[in-house]
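Structure record follows, encoded as structure tokens.
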Amino acid sequence: MLTPWLDTWEATTHTAADQHLAQAVIQWEYDLRGGDQLPWTCWGDDDEEAALRAELTAWLARHAPARLRAHGASEELLHHIRLIGLSDADRWDDPHWNDCTY
């Protein structure tokens with residue numbers, strides 16, 4: 001469960017936390033958006049990994065955009081975060097999906 005870690009990150013709103021969030025999102029978004037995979041190795045079963053990924057992507061889609069926008073993130077990165085929060089079908093049908101290469 002990522003909730004305690006994500007709750008701490010959500011409550012920590014200083015510049016360094018936002019910089020770390022921006023760096024993490026840049027590194028993680030490819031795995032989360034393009035491969036529907038966690039950006040780290042998970043030693044649990046597929047259901048546990050899917051639950052962790054859903055928790056992380058929901059948190060990122062809900063909390064990261066405003067913090068990243070305030071940190072000067074590009075519109076492209078903000079679209080990638082938005083796409084992470086969409087279901088597969090909605091993601092693939094989104095007009096910004098074609099901007100993503102894998």
Side-chain angles (χ1 to χ4, degrees):
M1 176 176 272
L2 299 174
T3 300
W5 177 65
L6 295 172
D7 286 348
T8 299
W9 207 348
E10 183 179 345
T12 308
T13 58
H14 55 74
T15 302
D18 292 345
Q19 289 172 337
H20 288 293
L21 177 61
Q23 291 170 346
V25 167
I26 289 167
Q27 292 179 350
W28 295 349
E29 64 91 14
Y30 179 85
D31 291 324
L32 292 169
R33 182 174 45 86
D36 283 327
Q37 298 175 357
L38 284 172
W40 57 77
T41 301
C42 182
W43 296 102
D45 60 25
D46 289 344
D47 291 338
E48 181 180 354
E49 183 174 341
L52 291 172
R53 186 179 63 250
E55 185 179 6
L56 179 59
T57 57
W59 188 91
L60 287 171
R62 186 173 56 249
H63 297 285
R67 291 176 74 166
L68 293 175
R69 192 172 288 110
H71 188 68
S74 70
E75 284 300 312
E76 179 183 18
L77 183 60
L78 293 172
H79 282 302
H80 291 188
I81 297 304
R82 185 182 56 75
L83 289 169
I84 286 171
L86 299 177
S87 69
D88 289 341
D90 290 337
R91 189 180 313 157
W92 296 326
D93 290 340
D94 189 278
H96 291 282
W97 178 254
N98 291 330
D99 295 340
C100 308
T101 55
Y102 293 97

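Starting from 1, each residue takes its place in the sequence as its number.
Note that CD of Glu29 and CG of Leu77 are 6.5 Å apart. Values are rounded to the nearest 0.5 Å. For the atom pair CZ (Arg62) and CD (Glu10), the distance works out to 7.0 Å, reported to the nearest 0.5 Å. Distance check: Leu2 CG to Arg53 CZ gives 12.0 Å after rounding to the nearest 0.5 Å. Separating the CD1 atom in Ile84 from the OG1 atom in Thr57 is a distance of 7.5 Å, to the nearest 0.5 Å.
Scanning both residues, Ile81 and Ala64, for their nearest heavy atoms gives CG2-CB, 4.3 Å. Across all their heavy atoms, Leu56 and Trp5 have their closest contact at CD1-CZ3, 4.4 Å. For the residue pair Ala61 and Gly85, the shortest heavy atom distance occurs at CB-CA, 3.8 Å.
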Which atom pairs, donor and acceptor, lie under 3.5 Å between side-chain atoms of residues 16-28 and protein residues at least two apart or in another chain?
residue: Asp18; atom: OD1; partner: Arg67; partner atom: NE; Å: 2.6
residue: Asp18; atom: OD1; partner: Arg67; partner atom: NH2; Å: 2.8

Review item, side-chain donor-acceptor pairs of residues 37-47, under 3.5 Å, at least two apart:
residue: Asp45; atom: OD1; partner: Asp47; partner atom: N; Å: 3.2
residue: Asp45; atom: OD1; partner: Glu48; partner atom: N; Å: 2.7

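Grouping the Ile, Leu, Val, Met, Phe, Trp and Tyr side chains by contacts below 4.5 angstrom, directly or via other members, places Trp59 with Leu32.
With hydrogens and angles ignored, the 3.5 Å screen pairs no side-chain donor or acceptor of Glu55 with any backbone N or O of Met1.
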